[in-house]
Amino acid sequence: MLPSPSGTRHPAGLWRGSLRQRLRLVSGLILFAFAATHFANHALGLVALDVMRAAEGWRTAVTRSVPGTAVLSAALAVHVALAFEALASRRSLRMPVWQAAQILLGLAIPFLLVPHILGTRVTNLLTGQRTDYPYVIAHLWPDGMARQTLLLGLVWAHGCLGLHQWLRLSAGYRRIVPRLAVAALLLPLAAILGIAVQGQFMDRDLAAAARFGAPDLARFWEAPRTPEAVAALRGPVLAAIYAAAASALALGGWRIAAAWRARRIVVTYSTGQSVRAAEGLTLLDISRSARIPHLAVCGGRGRCSTCRVLVTQGEQNLDPPTPEEAATLAAIAAPPGVRLACQARPRGDLTVTRILRPRGREAAEAQLGDPDLAGIEREVAILFVDVRGFTPLAERKFAFDVVYILNRFFEAAGRPVAARGGWIGGYAGDGLLALFTHPDGIDAACRAAYTAAADIDRAVDALNRQIAAELPAPLRVAMGLHAGPLVLGRLGFGETVPVSAIGPAVNIASRLETLAKAAEVQLAASAETARRAGLATAGLRAERVPIRGSSALDILYVERAGELAARLPAA
């Protein structure tokens, strides 16, 4: 059985992981905060040099204090050391593109960063020389700007890439990521322009000083050469860093070579693939080495649980979960036999099923068509549609009449669902479950669901006119609409296995359909789906109702769903 989502959404697990992973994360966050404030300070050059220097005073009061220097130095040392340790411990070169890019960016940074640190902070510490913005600008403008721009870009890209891969586990982050992406692009650009603007002002001041004989003005922009004792450190420091990097790469290469000579084991997937791999690799590395798609949102750090597998044979060939893996499995209420592929290292043959499948932008129906019995996670808009008062009608009809009427109803309701990009997730008596996803996200899926509800109202009216002679009274529908994360997969036995949807959001949508019946309206929908769809709610009856097994929910009642089209934003 597939594990159900816990609550409305899987826990993000941002802080889960081993002590080493947490140290790397915290040290990276400290360095990213320093870089972001440093670049923001640069950007103030677009305003005025005095503003730039005033902000620098506040910033360096923290970063150049004894505690600040100690924290930054420790963060830099820990982050670099753990990065080298991660390189040295690799047993496979297969990795996501973003991970390879982050490693390459990290290796390139010291070449440009070490001279900058030596020329500013180390010079200030050893000689007492002021290394404020006039000093820095005089050194950088114009010849050093290309090097400085490259350094800034490398540092910012490396930091943003790591931050994105960490925060993407959070649902809140996914909602604001477009705005953050704009800020991430504008900040480094503004930082470079801030330095460039002040560099041009420096050129103007120096020209004025030469023309009018103003030595004080020229002295303001003096740029003493880096002391020879400090400049002499550049070679040894860079040599030490790259010797450490070379050692880490060599050790990693030795481990990879050793993996080729290690005892081979066989991992069999429920899709039919069978992979011979070296003992000691993680299941995630084994999948990657064989180019078998395997979801791992957190990059294999044991935080997100998306790489989890169900071990159906050979569980005795795995060591027990570490405390970090056990914590993640407990957070998702994983049943026995489920392990994290990024943490589990098989010592013998295994048979596994990948529980979550990598997804692109294709329709869920197409993705669930492969023979793997695993599922995918999606945010889905759910529309329950039911015929009101059908049981008394069925009791007065022959069986073939009941089937005929229901099939006509399912056709009338199903066509609008398909036309709006949805699919039927199941039938229950005289009702159906319609599911909607969309390449543009859940907001567009909610709009499609509301539009389909309006279309269903009109389609059922047309059906009532067509089969009026067959009915003692017109068919009436009640609908419930909600949205949330679901596990979608093919559950069951046999050659024809239907698509099933699992998750609390399905139960909530069903409850809303019941409320619509009780309120004698066509549709009861959660207020959140209305907001996501951009529905104009003025004049609609609103109510906050308790939902069994969940917190209270704000809902809206719509007397006739056909009126919704006028309330939705134009396509």
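- Leu104 contributes atom CG, which lies 11.0 Å from atom NE2 of His158 (distance to the nearest 0.5 angstrom).
- A salt bridge is absent between Arg567 and Glu563: the closest approach of a Lys/Arg side-chain nitrogen to an acidic carboxylate oxygen does not fall below 4.0 angstrom.
- You'll find the side chain of Thr312 reaches within 4.5 Å of the side chain of Leu310, heavy atoms only.
- Tyr269 meets the ring-ring contact (aromatic ring centres under 6.0 Å, His included) test with no other residue; sequence neighbours excluded.
- Here CD of Gln466 is found 5.0 Å from CZ of Arg408. Values are rounded to the nearest 0.5 Å.
- Of all heavy-atom pairs spanning Leu46 and Ala190, the tightest one is CD1-O, 3.9 Å.
- Inter-residue side-chain proximity for Val417 and Ile456 is flagged as met; some heavy-atom pair is nearer than 4.5 Å.
- Contact annotation: the side chain of Arg347 never approaches that of Ile265 to less than 4.5 Å [non-hydrogen atoms, C-beta and beyond].
- A side-chain contact (heavy atoms from CB on, under 4.5 Å) with His482 is found for one member of Ile555, Asn507, Leu512 and no other, namely Leu512.
- Residue Asp554 holds its CG atom at 11.0 Å from OG1 of Thr529, rounded to the nearest 0.5 Å.
- In this structure the side chain of Asp457 reaches within 4.5 angstrom of the side chain of Gln522, judged on heavy atoms.
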Note to self: As a quick check of understanding, evaluate side-chain contact (heavy atoms from CB on, under 4.5 Å) for Val309 and His294, giving each step before the final call.
What the structure shows: CA-CA 10 Å; Val309 297; His294 206 136; 3.6 Å; yes

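- Remark: side-chain polar atoms of Gln21 are paired, donor with acceptor, to backbone N or O of Arg301 under 3.5 angstrom.
- You'll find the side chain of Val558 stays beyond 4.5 Å of the side chain of Arg541, heavy atoms only.
- Across Met479 and Ala453, no two heavy atoms sit closer than the pair CE-O, 3.7 Å.
- Looking at every heavy atom in both residues, Leu486 comes nearest to Ala505 through CD2-CB, 3.9 Å.
- A salt bridge does not link Arg447 with Asp440: every distance from a Lys NZ or Arg NE/NH1/NH2 to an Asp or Glu carboxylate oxygen is 4.0 Å or more.
- By the 4.0 Å N-to-carboxylate-O rule, Glu520 lies close enough to Arg476 to be salt-bridged with it.
- Leu383 contributes atom CG, which lies 8.5 Å from atom CG of Leu433 (distance to the nearest 0.5 angstrom).
- The salt bridge (Lys or Arg N to Asp or Glu O under 4.0 Å) pairs that include a residue from residues 501-516 are Glu513-Lys517, where partners are two or more places apart or lie in different chains.
- Here the side chain of Ser287 pairs a donor or acceptor atom with the backbone of Leu283 at under 3.5 angstrom.
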Next item on the list: Evaluate the criterion side-chain contact (heavy atoms from CB on, under 4.5 Å) for residue pair His79 and Arg24; output intermediate values, then yes/no.
Entry: CA-CA 5 Å; His79 201 68; Arg24 189 172 179 183; 3.9 Å; yes

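- Not one N or O on the side chain of Ser510 forms a donor-acceptor pair closer than 3.5 Å with the backbone of Val506.
- Atom CH2 of Trp166 and atom CG of Leu29 lie 5.0 Å apart (nearest 0.5 Å).
- Between the Thr322 side chain and the Glu325 main chain, a donor and an acceptor come within less than 3.5 Å of each other.
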Check: Does the side-chain contact (heavy atoms from CB on, under 4.5 Å) test come out yes or no for Asp430 and Phe409, once each step is laid out?
Finding: CA-CA 9 Å; Asp430 54 5; Phe409 166 71; 5.9 Å; no

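- Looking at Leu564 and Leu523, their side chains come closer than 4.5 Å, going by heavy atoms from C-beta outward.
- Between Ser274 and Val266, some side-chain heavy-atom pair lies under the 4.5 Å cut-off.
- Residues Pro321 and Gln343 fail the side-chain proximity criterion, which asks for heavy atoms closer than 4.5 Å.
- Shortest non-hydrogen contact noted between Tyr557 and Leu515 is CE2-O, 4.0 Å.
- In this structure, the side chain of Asn464 engages the main chain of Val460 through a donor-acceptor pair within 3.5 Å.
- Within a 6.0 Å sphere centred on CZ of Arg415, other residues, nucleotides and ligands contribute 12 heavy atoms or fewer.
- Pairing each heavy atom of Ala344 with each of Leu318, the nearest pair is CB-CD2, 3.9 Å.
- Salt bridge Asp455/Arg458: present, at least one basic N to carboxylate O contact under 4.0 Å.
- Taken from CD1 in Ile382 to CZ in Phe436, the straight-line distance is 10.5 Å, to the nearest 0.5 Å.
- With sequence neighbours left out, Phe32 forms a ring-ring contact (aromatic ring centres under 6.0 Å, His included) with Trp156.
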Note to self: Does Val267 form a side-chain contact (heavy atoms from CB on, under 4.5 Å) with Val352? I'd like the steps, not just the answer.
What the structure shows: CA-CA 7 Å; Val267 176; Val352 300; 4.2 Å; yes

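- Across Ala381 and Ala449, no two heavy atoms sit closer than the pair CB-CB, 4.0 Å.
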